[in-house]
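Heavy-atom basis, side chains included; hydrogens, waters and symmetry copies ignored.
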Protein chains: 2
Amino acid sequence: MQNILFDFISKYITLTEDEKNALLSLDLFHSVKKGTTLLAEGQKSQKSYFVLKGCIRVYYIIDGEEKTTAFYTELDALTPHCVLNKTPSEYFIACVEDSILLISNSDMEEEINSKFPKFEIMCRRLSEELLAKQQIDFDEFKTSSPEQRYLNMLEKRPDLIQRVPQHQLASYLGIKPQSLSRLRARILAKKN
Amino acid sequence: MQNILFDFISKYITLTEDEKNALLSLDLFHSVKKGTTLLAEGQKSQKSYFVLKGCIRVYYIIDGEEKTTAFYTELDALTPHCVLNKTPSEYFIACVEDSILLISNSDMEEEINSKFPKFEIMCRRLSEELLAKQQIDFDEFKTSSPEQRYLNMLEKRPDLIQRVPQHQLASYLGIKPQSLSRLRARILAKKN
DNA sequence: GGTCTTTCTTAACTTAAGTGAACGTTTGGC
DNA sequence: GCCAAACGTTCACTTAAGTTAAGAAAGACC
């Protein structure tokens, strides 16, 4: 599990043994059971998440309805909005599957960053990369129809369709569960 | 114009006079005429943009049609995807209005960042903030209808509706120009 | 100032998503 | 293994967006 982390980090910076040990001494690794709520609407939190194994999701409750807007799976990192602007959270974060997560809090990060300026560099590169990636995702979303989005997901994140309930996928695609059902039937009919 | 820049930076880090002068010596300020293409599809580029005054937009050409996905106005920063992953650009960037931009290239940034580690910190904070902000925007987009998105924009970026052509706004809202026209008529009818 | 082009609106028609409800299936808890 | 709840699919109906086309309005260029 630790190697997964270090392999990931090595894409951005090179760590010495000392630095690796400093990281490991922080007790970041956590097992979380499916269904666990990691963050609730209205809560304040300082915690950031990194998925080593499993899947977590972000969802809102709007007019009593759950709207899932994001899934984070292996090697995805998530710093909730509320951590950065220190306001109560507007959304929930929950575990979709039994997962192994790295959970850090901002104090920790400040400390590590000031001790090892290298981490600062990694964080910049990582968030720049994520920002750019998300921009592309957002662009694709804006420029395509629900059906295209679904087909696109089939190509790019086929695992999600297996591991996540349909009604959560639906709001992720910006539509209602019934529409996703119909859309899937439509695609099947076209194939034949 | 320079004060606008320094005021912006001061939200993230505190600069010494030396550092300010180092920045100014880089010749970052540029006037760009309306309609100018800053980046074209297929091009490779190292340039990042920061809008001091005016407006620039990102658009794709898909099946011969322009699809505008983002607008950047005063104090918005944009590092194109192609700069980060060193691939040819998938989109265009053009000037919507006569604008004053800061244009930097990645070499410059590397140099400044290594000379003044403070900048590294600013960049991290800035991109983390932008990432979080964009996540919220994306979430809002996914969880609302075109009509809600338009009303939302009326509240949060009313300036855009004035300064940007409707057909560009339409794709920004994820719909066709005709639908935007109709939707506006519908909203007007409801008011009375 | 007049012309050409781009942009915006309107309309009729098509297609797909939203809504409300019913029903069969799966899942989880006891 | 049984029951209740959650989930997925289907259907009929409503609403809104996509499409195609036409014409009015606004801007750009000479």
Side-chain angles (χ1 to χ4, degrees), chain A residues 33-37 55 57 59 61-68 71 92 94-98 141-154 160-192, chain B residues 33-37 55 57 59 61-68 71 92 94-98 141-154 160-192:
Chain A
K33 279 260 162 280
K34 173 174 176 176
T36 309
T37 298
C55 178
R57 61 186 257 261
Y59 65 98
I61 294 188
I62 299 175
D63 299 332
E65 271 192 53
E66 252 186 40
K67 307 255 189 180
T68 299
F71 296 101
F92 297 78
C95 238
V96 173
E97 306 169 343
D98 290 355
F141 195 95
K142 277 184 183 166
T143 58
S144 58
S145 66
E147 185 170 329
Q148 289 172 317
R149 279 175 221 150
Y150 178 76
L151 292 169
N152 192 32
M153 186 171 64
L154 264 180
L160 275 189
I161 295 172
Q162 304 308 318
R163 67 209 290 195
V164 166
Q166 300 285 334
H167 67 284
Q168 291 175 11
L169 283 182
S171 43
Y172 181 68
L173 294 171
I175 56 177
K176 302 277 147 144
Q178 297 94 317
S179 297
L180 178 54
S181 235
R182 177 168 43 196
L183 176 163
R184 282 156 54 90
R186 200 162 63 220
I187 290 172
L188 263 175
K190 275 186 200 163
K191 273 195 188 164
N192 312 327
Chain B
K33 278 258 163 281
K34 174 174 175 174
T36 309
T37 298
C55 179
R57 62 187 255 260
Y59 66 97
I61 294 190
I62 299 175
D63 300 332
E65 269 190 55
E66 249 186 44
K67 307 257 189 176
T68 299
F71 296 101
F92 296 79
C95 237
V96 174
E97 304 170 343
D98 292 354
F141 195 95
K142 276 185 184 166
T143 57
S144 58
S145 66
E147 185 168 330
Q148 289 171 316
R149 281 175 219 150
Y150 178 77
L151 292 169
N152 193 32
M153 185 170 63
L154 264 179
L160 276 189
I161 296 172
Q162 304 309 317
R163 66 208 289 194
V164 166
Q166 300 285 334
H167 68 284
Q168 292 175 11
L169 283 182
S171 43
Y172 181 69
L173 294 171
I175 56 175
K176 302 278 148 141
Q178 298 92 316
S179 297
L180 178 53
S181 236
R182 179 168 39 197
L183 177 161
R184 281 155 55 90
R186 199 164 63 221
I187 290 172
L188 263 176
K190 276 185 199 164
K191 272 194 190 166
N192 311 328

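- Atoms CG (A:Leu183) and P (C:dG18) sit 10 Å apart, rounded to a whole Å.
- Distance, B:Glu65 CD to C:dT7 C1': 14 Å, rounded to whole Å.
- Put simply, the side chain of A:Glu65 reaches to within 4.5 Å of the side chain of A:Lys176, judged on heavy atoms.
- Side-chain proximity of B:Ser181 to D:dT10, C:dT9, D:dC7: nearest is C:dT9.
- Residue-to-nucleotide contacts include a donor-acceptor pair under 3.5 Å from the side chain of A:Arg182 to the base of C:dG18.
- Contact between the side-chain N/O atoms of A:His167 and the OP1/OP2 oxygens of D:dA6 is not found at any separation under 4.0 Å.
- Judged purely by distance below 3.5 Å, without hydrogens or angles, the side chains of A:Arg182 and A:Ser179 pair a donor atom with an acceptor atom.
- Comparing B:Lys176 and A:Arg184 against DNA chain D, the residue whose closest nucleotide sits nearer the 5' end is A:Arg184.
- Contact of the A:Val164 side chain with the A:Tyr172 side chain is not registered, since no non-hydrogen atoms from C-beta on lie closer than 4.5 Å.
- Proximity of B:Arg186 to the phosphate of D:dT15: no side-chain N or O atom is located under 4.0 Å from OP1 or OP2.
- Distance alone, capped at 3.5 Å, is enough to place a donor-acceptor pair between the A:Gln148 side chain and the A:Ser145 backbone.
- Between the NZ atom of B:Lys34 and the C1' atom of D:dC29 there is a distance of 14 Å, rounded to whole Å.
- Across all strands shown, A:Pro177 has no heavy atoms under 4.0 Å from either base or sugar-phosphate atoms.
- Using bins of under 30°, 30° to 60° and over 60° for the plane-to-plane angle, the ring pair B:Phe141/A:Phe141 lands in the perpendicular bin.
- If you measure from atom CD of A:Gln166 to atom C1' of C:dT26, you get 13 Å, rounded to the nearest angstrom.
- OP1 or OP2 of C:dG18 lies within a sub-4.0 Å distance of a side-chain N or O belonging to A:Ser179.
- Atom CG of B:Leu180 is separated from atom C1' of D:dG18 by 14 Å (rounded to the nearest Å).
- As a whole-Å value, the separation of B:Glu147 CD from C:dA17 C1' is 15 Å.
- Rounded to a whole Å, the CD1 atom of B:Ile62 is 14 Å from the P atom of D:dG18.
- In the set D:dA17, C:dA17, C:dA21, the nucleotide with an atom closest to the side chain of A:Gln178 is C:dA21.
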